2 protein chains.
Amino acid sequence: MAINISKLNVQCADCPIRHRAVCAKCDDDELAQLEDMKFYRMFEAGQTIVWAGDDLTFVASVVRGVATLGQTLEDGRTQMLGLLLPSDFIGRPWRGTSAYDVSAITNVTLCCFRRKPFEEMLIRTPHIGERLLEMTMDELDAAREWMLILGRKTAREKIASLLTIIARREKTLDVPLAKAPVTIDLPLTREAMSDYLGLTLETVSRQISALKREDIILLEGKRRVVVPDMARLLEQTGSDPISHI
Amino acid sequence: MAINISKLNVQCADCPIRHRAVCAKCDDDELAQLEDMKFYRMFEAGQTIVWAGDDLTFVASVVRGVATLGQTLEDGRTQMLGLLLPSDFIGRPWRGTSAYDVSAITNVTLCCFRRKPFEEMLIRTPHIGERLLEMTMDELDAAREWMLILGRKTAREKIASLLTIIARREKTLDVPLAKAPVTIDLPLTREAMSDYLGLTLETVSRQISALKREDIILLEGKRRVVVPDMARLLEQTGSDPISHI
DNA sequence: CGAACTCTTGAATACGCTCAAAACGCGTGG
DNA sequence: CCACGCGTTTTGAGCGTATTCAAGAGTTCG
């Protein structure tokens, strides 16, 4: 199922996520230990990486590609819980099964560690735990930001919020208040957006059409959005609360 | 504003949350250091502990009482993000301002640490970081569970989910599949429930009335709910996905 | 007893959903 | 190169759930 290239010799030092992933704070010696443990796995767009409830014998960092974290109700309703971009972490130490569905939406490369050895290293290497704590707290903030969006925003505000959040992530530059046009490449189908926002795909489509009709966004193809004036889009988000760094 | 009893001499060894809070893994020596740093603060029901955006110079554990974590949109819409029960942690190390509103809904006692000394201790005391990581991951799971509820569940399912979650927390006993009646003391007003569930208070009231009409729950006063058959209530939750530990 | 809350219930409205059909985009094969 | 098919997206019409607005009942406390 997964293409498993156990020991493809990629040097951690050259790794694109070296300074943002769970290993970010590691010194040379610690990195060497991780280098020794790691193995890569690749998944094709559309493949499922794990199902909720399945055994998960490894933890991993996303090296390349985009994956989604989601949950499904028995009757098929689904809710996306997060986008996993390069450097994001998959799995939970000390837990043997995945609580969530994880799926590759583009081709994905993971840098994996078997869970047990990783847990042991986590105990004896504070640098890893410190970084993992930071990352987990960031995830928690992101999840709570989504709770506000899901619980209290209208369909239009949800769409505008999604666009600004993806824009914010693509350009790590912070809020471009300058009137320069911003281009957003959506890694998501309309359906994936609806799963993220707790809407139907028809509602997503309608709201995007409406934003386009009002010249707040332009479409280049279906998956590329140009925002001529970011400030106007931000007005449509229901205005985020005190922007929490 | 806050009643500040700086050095009320309560021994950590006798503390009701000794084994669940951020200090749970600390040995005697580490505990002595915390003992030395800590100070208590008390807030009365209804008081705000911090506003989103305000400086937060301490971190704290809830010792007694119930507080809420929430966020507010400019136009006044609010979303509750979590309930803070005894042993839960408030604040984020390395961050000087609160991202959220924190309010006491009953009288609350906090065990506080000034942020800087706590951060220093966090670095030199892995036990604290390990426990904080565990707790943060639990919070993240809880937040994601709420995302599913907020995004995909109907009003009735939301109410049933809230009741089962509070029941689950009150009795740390796991799912009482036995047909024994379960009593739930709601620490929340209808409005607080609506803030939690992303509904209006009228909808909350109507759904609770409906569950009562169908004998799925009984009310003893407004704030006490008796569930004669937990299984029947669980059926109303839209059935949680694969119950994740 | 009255004031201030909290909670319940009703009636009308609106927003997003469901069901349905058609347009678009893109790769494959004739 | 065009025809075909499949998946994605758009758009429409009607419906249903939760909201809004409003009034009244139930509690608690000075």
Side-chain angles (χ1 to χ4, degrees), chain A residues 44-47 68 73 75-79 103 105-106 149-163 185-214 217-225 236 238, chain B residues 44-47 68 73 75-79 103 105-106 149-163 185-214 217-225 236 238:
Chain A
E44 286 177 15
Q47 276 190 309
T68 61
L73 252 20
D75 64 2
R77 284 173 286 176
T78 64
Q79 174 66 50
S103 304
I105 58 177
T106 65
I149 292 171
L150 290 171
R152 289 304 183 194
K153 291 198 177 181
T154 64
R156 158 174 288 236
E157 291 168 340
K158 285 177 172 180
I159 297 288
S161 298
L162 178 65
L163 292 175
D185 277 301
L186 291 174
L188 304 172
T189 64
R190 298 287 182 266
E191 185 177 26
M193 288 188 243
S194 73
D195 278 346
Y196 216 150
L197 297 170
L199 298 170
T200 58
L201 66 90
E202 294 94 328
T203 299
V204 171
S205 181
R206 273 185 251 273
Q207 293 298 335
I208 289 182
S209 298
L211 288 172
K212 181 179 154 199
R213 209 174 306 125
E214 297 169 32
I217 62 174
L218 312 174
L219 296 187
E220 292 183 355
K222 299 299 181 189
R223 300 283 182 87
R224 172 174 295 225
V225 177
Q236 305 297 317
Chain B
E44 286 177 16
Q47 276 192 310
T68 62
L73 253 19
D75 64 2
R77 283 174 286 177
T78 63
Q79 176 64 50
S103 305
I105 58 177
T106 65
I149 291 171
L150 291 171
R152 289 303 184 194
K153 291 198 176 180
T154 63
R156 159 174 285 237
E157 291 168 340
K158 285 177 172 180
I159 297 288
S161 298
L162 178 65
L163 292 176
D185 277 301
L186 290 173
L188 303 172
T189 64
R190 300 286 184 265
E191 185 177 28
M193 289 188 243
S194 73
D195 279 345
Y196 217 149
L197 297 171
L199 297 170
T200 59
L201 68 90
E202 293 94 327
T203 300
V204 170
S205 180
R206 274 186 251 274
Q207 293 298 335
I208 288 182
S209 298
L211 288 172
K212 182 179 152 199
R213 209 174 306 123
E214 297 168 33
I217 62 174
L218 312 173
L219 296 186
E220 292 183 354
K222 300 299 180 190
R223 300 282 182 87
R224 173 174 292 225
V225 177
Q236 305 298 317

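Lettering follows sequence order; numbering is per chain, from 1. Everything quoted here is computed from the prediction, not taken from an experiment.
Comparing A:L219 and B:T203 by the nucleotide of DNA chain D that holds the closest heavy atom to each, the one mapping nearer the 5' end is A:L219.
Distances shorter than 4.0 Å separate none of the side-chain N or O atoms of A:T189 from OP1 or OP2 on D:dT8. Distances shorter than 4.0 Å separate some side-chain N or O of B:S209 from OP1 or OP2 on C:dT9. Applying the 4.0 Å criterion to OP1 and OP2 of D:dT10, one finds that A:S205 has a side-chain N or O inside that range. Regarding contacts with the backbone of D:dA18, every side-chain N or O of B:T200 stays at 4.0 angstrom or more from both OP1 and OP2.
In the helix from C:dC1-D:dG30 to C:dG30-D:dC1, the rotation axis of the first five pairs and that of the last five pairs differ in direction by 30°, rounded to 10 degrees.
Expressed to the nearest 0.5 Å, how far NZ of B:K158 lies from NZ of B:K153 amounts to 10.5 Å.
For the pair B:K153 NZ and D:dT17 P, the interatomic distance rounds to 18 Å; values are reported in whole Å. Spacing between atom CG of B:L186 and atom C1' of C:dC7 amounts to 13 Å, rounded to whole angstrom units. Residue B:R190 contributes atom CZ, which lies 17 Å from atom P of D:dA18 at whole-angstrom precision. For the pair A:D195 CG and D:dT8 P, the computed distance is 12 Å after rounding to whole Å. Atom CZ of B:R152 is separated from atom P of C:dC17 by 8 Å (rounded to the nearest Å). In this structure, B:E220 places its CD atom 19 Å from P of D:dG26, rounding to the nearest Å. Atom CZ in B:R156 sits roughly 10 Å away from atom P in D:dA18 (whole-Å rounding). Atom CG in B:L201 sits roughly 10 Å away from atom C1' in C:dT8 (whole-Å rounding).
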Quiz item: Where do B:I149 and A:L150 land on the side-chain contact (heavy atoms from CB on, under 4.5 Å) test, with the steps shown first?
Solution: CA-CA 9 Å; B:I149 291 171; A:L150 290 171; over 6 Å; no
Quiz item: Does the side-chain contact (heavy atoms from CB on, under 4.5 Å) test come out yes or no for A:I208 and A:R190, once each step is laid out?
Solution: CA-CA 10 Å; A:I208 289 182; A:R190 298 287 182 266; 3.9 Å; yes
Quiz prompt | Trace of the side-chain contact (heavy atoms from CB on, under 4.5 Å) decision for B:D195 with A:R152 | solution = CA-CA 9 Å; B:D195 279 345; A:R152 289 304 183 194; 3.4 Å; yes
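B:R223 pairs by the salt bridge (charged side-chain N to carboxylate O under 4.0 Å, His left out) definition with nothing, not counting sequence neighbours.
Counting any heavy atom pair closer than 4.0 Å across all strands shown, B:R223 reaches sugar-phosphate atoms only and no base atom. Residue contacts for B:G198: at a heavy-atom cut-off of 4.0 Å it reaches the sugar-phosphate backbone alone, with no base atom in range.
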Every protein N/O within reach of nucleotides 19-24 of chain C N/O, cut-off under 3.5 Å:
residue	atom	partner	partner atom	Å
C:dC19	N4	A:E202	OE2	3.1

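Between the side chain of A:S205 and the main chain of A:L201, no donor-acceptor pair closer than 3.5 Å is present. Under a 3.5 Å cut-off, the side chain of A:E157 and the backbone N or O of A:Q236 do not form any donor-acceptor pair. Side chain of B:E220 to backbone of B:V225: no donor-acceptor contact under 3.5 angstrom is found.
At least one side-chain heavy atom of A:E191 sits under 4.5 Å from a side-chain heavy atom of A:S194. For the pair B:L186 and B:L163, the minimum side-chain heavy-atom distance is below 4.5 Å.
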